[in-house]
Participant: 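One structure is given below, represented as structure tokens, and several questions about it will come after.
Lettering of chains follows the sequences in order, A, B, ..., and the numbering in each one begins at 1.
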Amino acid sequence: MLLVRIAETSAALAATPSRNVKRDLIAGVLSEATAEDIEIVISYLSGRLRQRRTGVGWRSLLDLPVAAAEATLTVAEADRAFELIADLSGAGSTRARVSAVVELFGRATDSEQMLLRGLVFEELRQGALDSLVQEGLALATDVPVAAVRRAAMLLGSTAAAGVVLRRGGVDALTAVGLTLGVPVLPMLAASAPDTGAAVDKSGLPVAVDFKLDGIRVQVHRDGDVVSIYTRSLEEITDRLPEVVSAVRSLAEPQLVLDGEVLAFRVDGRPEAFQVIASRTASQVDVAAQAARTPLSVFFFDLLRAGDRDLLDAPLAQRIEVMAEVLPPSMIVPRVLAEDEATVGSVFADAVSRGYEGVVIKNVTAGYAAGRRDAGWVKIKPRHTFDLVVTAAEWGHGRRTGLLSNLHLAARDPGTGELIMLGKTFKGLTDELLRWQTDRFLELETRRTAGTVHVRPQLVVEIACDGIQRSSRYPGGIALRFARVLRYRDDKSPSEADTIDQVRLLANTP
DNA sequence: GTTGCTTATACTC
DNA sequence: TTCTGACGCATTCGG
DNA sequence: CCGAATGCGTCAGAAGAGTATAAGCAAC
């Protein structure tokens, strides 16, 4: 298939708001794709390259060659080019990568260059990603969407499901099962502001799991072979030797487990997220790091034990089997709750012991991978501060022409200076965006690239999940997941919160 | 040639 | 990771 | 009884914080 077919479809997708029209457009392209092309075509339609990392970023795409006049590139040729580019390494590879990129883009027309750019950045902005492609695939092949979704979850991608479907038809698609060593898309949790809202979503009874602020891991074991995958299904087995040996020590030889790795401080409270993230991201000198910061693994789900496939079993049953095959020390702290009051007390207990909150899980629900429905609902405490806006950045995409990203600062009670703690663009309605754009332009003092600096006059109430150590910001701390709640018209900057008040969050025992 | 700093990329939440 | 807004579908409301 | 209004689930897209690593480059 010619790449221009995808490029034109992508443009058409972007041009229509209707999900049904998008689905039909996708189905049209997929019905034309050959068995050889189908994986690439599905990948591209859902806005992704097949290659996980190519080493090509915005810098490499700064100056692109003049576009080709005629559309000759095929999807297979584009894929092969990215395959070669991804393989480059060592001295001189940066230059080689640039010239390979230039060559590829030089063969692409204008619309194809736009498509390739979108694929590289995963910012196609055509209003269709995986789920709509799944609907299109189902329509094109006359297969129920649910069957496509299920195979995609079990195989880790829609593209993989499409290959099976094209090669072996519906029968092959429905025959796809959980396979040891093939990671499944992880189940995701919805969120709720408090226990009442959470229980409304999940129903009762529920398992109330402590929410561990670490790194999600999916662990497969087939005898001596243990594989560990991240949330995005990247394999990180070699980075977590203690998890490998912990799982190898279990009696059950065949397992698929879902859990979180965590580290502890000497006082027994969980380490900061950054410490665990650093461990999980490190590939060099793993043994020394493991000695310095040992990780613990806590599993909260079990999808396979021996020949028992538990994917569709209710959580209550999966919990029972977990108790059979795992020692209590490897199971997430968890309480079964019949009522909201119990959920509330477990939440309070988890937070007071330094955990991130809780995730409540309906005990009748199966493992619905890749979906963010009401089966799991997370609850986290919400901290709020009144901070001063010192600048705002011009938005992109649907926020073009609007001042969007706010620079937030707290007062230094000693000097009276404002100390920047981070930025946020979240929580702003369209109306608020328009209002603040006008207001900031009135308060403008100077302008730097993409940023309008303003007189520190406006106070916003900001919610965040917590604070973290920062080497970037002058106060040594930064806000985690900051979002705007409202402007405090009733407060002047002198009444905003101080950096000391913000720091108190870090020092909770 | 080695060392140390900077930049780009890719990943976690 | 969080949040807002738009779409599509099902259910309820009103003349 | 039928079209309009409303509610809800699902999806897309706006962009934050940190950390590690490889390659490039300047200084010794």
Participant: Think R480(A) forms a cation-pi with F273(A), using NZ or CZ under 6.0 Å from the six-ring centre and within 45 degrees of its axis?
Facilitator: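 Flagged: R480(A) positioned over aromatic ring of F273(A).
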
Participant: May I have the distance from E234(A) (atom CD) to dA10(B) (atom C1'), rounded to whole angstrom?
Facilitator: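 So the two atoms are 8 Å apart, to the nearest Å.
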
Participant: Would you indicate, yes or no, if dA8(B) has its OP1 or OP2 atom less than 4.0 angstrom from a side-chain nitrogen or oxygen of W58(A)?
Facilitator: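 No, no such contact exists.
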
Participant: Using a 4.0 Å cut-off on protein heavy atoms (strictly under), produce a 5'-to-3' string for nucleotides 18-28 of chain D with B for base contact, S for backbone-only sugar-phosphate contact, and - for none.
Facilitator: SSSS-SSS---

Participant: How long is the line joining CZ of R398(A) and C1' of dA15(D), in whole Å?
Facilitator: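 Those two atoms, CZ and C1', are 13 Å apart.
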
Participant: For dT9(B), does either OP1 or OP2 sit under 4.0 Å from a side-chain N or O belonging to T54(A)?
Facilitator: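 False: T54(A) side-chain N/O out of range (4.0 Å or more) of dT9(B) OP1/OP2.
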
Participant: For a quick check under 3.5 Å, do T498(A) and D500(A) share a side-chain donor-acceptor pair by atom type?
Facilitator: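 There is no such pair between these side chains.
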
Participant: Looking only at atom types and distance, does a side-chain atom of Q501(A) sit under 3.5 Å from a main-chain N or O of A496(A), one as donor and one as acceptor?
Facilitator: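 No.
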
Participant: Under 4.0 Å between a side-chain N/O of N405(A) and OP1 or OP2 of dG16(D), yes or no?
Facilitator: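 Yes, such a contact exists.
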
Participant: Roughly, in whole Å, what's the span from CZ in R52(A) to P in dC11(B)?
Facilitator: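 So the two atoms are 5 Å apart, to the nearest Å.
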
Participant: Between K380(A) and T429(A), which has a closest nucleotide on DNA chain C that is more 5'?
Facilitator: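 Result of the comparison: K380(A).
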
Participant: What nucleotide among dG13(D), dC13(B), dG16(D) has an atom nearest to a side-chain atom of F425(A)?
Facilitator: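 Out of dG13(D), dC13(B), dG16(D), the nucleotide with an atom closest to F425(A)'s side chain is dG16(D).
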
Participant: Return the value, rounded to whole Å, for the distance between atom CD of Q436(A) and atom C1' of dA14(D).
Facilitator: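 Rounded to the whole Å, the gap is 13 Å.
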
Participant: Please state how far atom CD1 in I462(A) lies from atom P in dG16(D), giving the value in whole angstrom units.
Facilitator: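 Roughly 14 Å, once rounded to whole Å.
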
Participant: Using a heavy-atom cut-off of under 4.0 Å over every strand shown, decide if Q126(A) touches base, sugar-phosphate, or nothing.
Facilitator: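 Sugar-phosphate, backbone atoms only, no base.
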
Participant: From CG of L433(A) over to C1' of dG5(C), roughly how many Å is that when rounded to an integer?
Facilitator: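 Going from L433(A) (CG) to dG5(C) (C1'), I get 12 Å.
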
Participant: Is the side chain of T437(A) donor-acceptor paired with the backbone N or O of L433(A) at a distance under 3.5 Å, no angle test?
Facilitator: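 Side chain of T437(A) to backbone of L433(A), a donor-acceptor pair under 3.5 Å: yes, one is there.
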
Participant: Base, sugar-phosphate, or nothing: which does V484(A) touch, judged by heavy atoms less than 4.0 Å apart?
Facilitator: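 If one applies the 4.0 Å heavy-atom cut-off, V484(A) turns out to touch nothing in the nucleic acid.
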
Participant: Measuring to OP1 and OP2 of dA8(B), would you say a side-chain N or O of R59(A) lies under 4.0 angstrom away?
Facilitator: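 For R59(A), the contact criterion (side-chain N or O under 4.0 Å from OP1 or OP2 of dA8(B)) is met.
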
Participant: Is R53(A) close enough to dA10(B) that one of its side-chain N or O atoms is under 4.0 Å from OP1 or OP2 there?
Facilitator: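 R53(A) to dA10(B) OP1/OP2: no side-chain N or O under 4.0 Å.
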
Participant: Does dT1(C) have OP1 or OP2 sitting under 4.0 Å from an N or O in the side chain of R231(A)?
Facilitator: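 Yes, because at least one side-chain N or O of R231(A) sits under 4.0 Å from OP1 or OP2 of dT1(C).
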
Participant: Quick one: label L428(A) by what it contacts on the DNA or RNA (base, sugar-phosphate, nothing), any heavy atom closer than 4.0 Å.
Facilitator: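 The answer is sugar-phosphate, as L428(A) gets under 4.0 Å only of primed atoms, P, OP1 or OP2.
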
Participant: Checking all strands, does T424(A) fall into the base, sugar-phosphate, or nothing category for heavy-atom contacts under 4.0 angstrom?
Facilitator: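 It contacts nothing in the nucleic acid.
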
Participant: Considering just the side-chain nitrogens and oxygens of R399(A), establish if one lies under 4.0 Å of OP1 or OP2 belonging to dG5(C).
Facilitator: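 No, no such contact exists.
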
Participant: Is D465(A) paired with R483(A) through a side-chain N to carboxylate O contact shorter than 4.0 Å?
Facilitator: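 Salt bridge flag = yes for D465(A) with R483(A).
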
Participant: Please give, in whole Å, the distance from dC3(C) P to K426(A) NZ?
Facilitator: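 Whole-Å distance recorded here is 8 Å.
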
Participant: Rounding to a whole Å, what distance do you find between L233(A):CG and dC11(B):P?
Facilitator: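 Rounded to the whole Å, the gap is 12 Å.
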
Participant: Which nucleotide sits closest to the side chain of N20(A): dT2(C), dC9(C), dG16(D)?
Facilitator: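 Nearest listed nucleotide: dC9(C).
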
Participant: Testing the 3.5 Å rule here: is there a donor-acceptor pair between the side chains of T237(A) and E235(A)?
Facilitator: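 Result is yes, a qualifying pair exists.
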
Participant: May I ask you to say whether E83(A) pairs ionically with R50(A), meaning some side-chain N is under 4.0 Å from a carboxylate O?
Facilitator: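 Yes, charged N to carboxylate O under 4.0 Å.
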
Participant: Below 4.0 angstrom from OP1 or OP2 of dC11(D), is there any side-chain N or O of K22(A)?
Facilitator: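 For dC11(D), OP1/OP2 do not have a side-chain N/O of K22(A) under 4.0 Å.
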
Participant: Is it true that R399(A) and S404(A) share a donor-acceptor pair across their side chains at a distance under 3.5 Å?
Facilitator: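 A donor-acceptor contact under 3.5 Å links the two side chains.
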
Participant: Keeping the roles fixed (side chain from R279(A), backbone from T293(A)), state whether a donor-acceptor pair exists under 3.5 Å.
Facilitator: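 Judged by distance alone, yes, a pair lies under 3.5 Å.
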
Participant: Output yes when at least one side-chain N/O atom of K211(A) is less than 4.0 Å from OP1 or OP2 of dT1(C), else no.
Facilitator: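 No, because none of the side-chain N or O atoms of K211(A) sits under 4.0 Å from OP1 or OP2 of dT1(C).
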
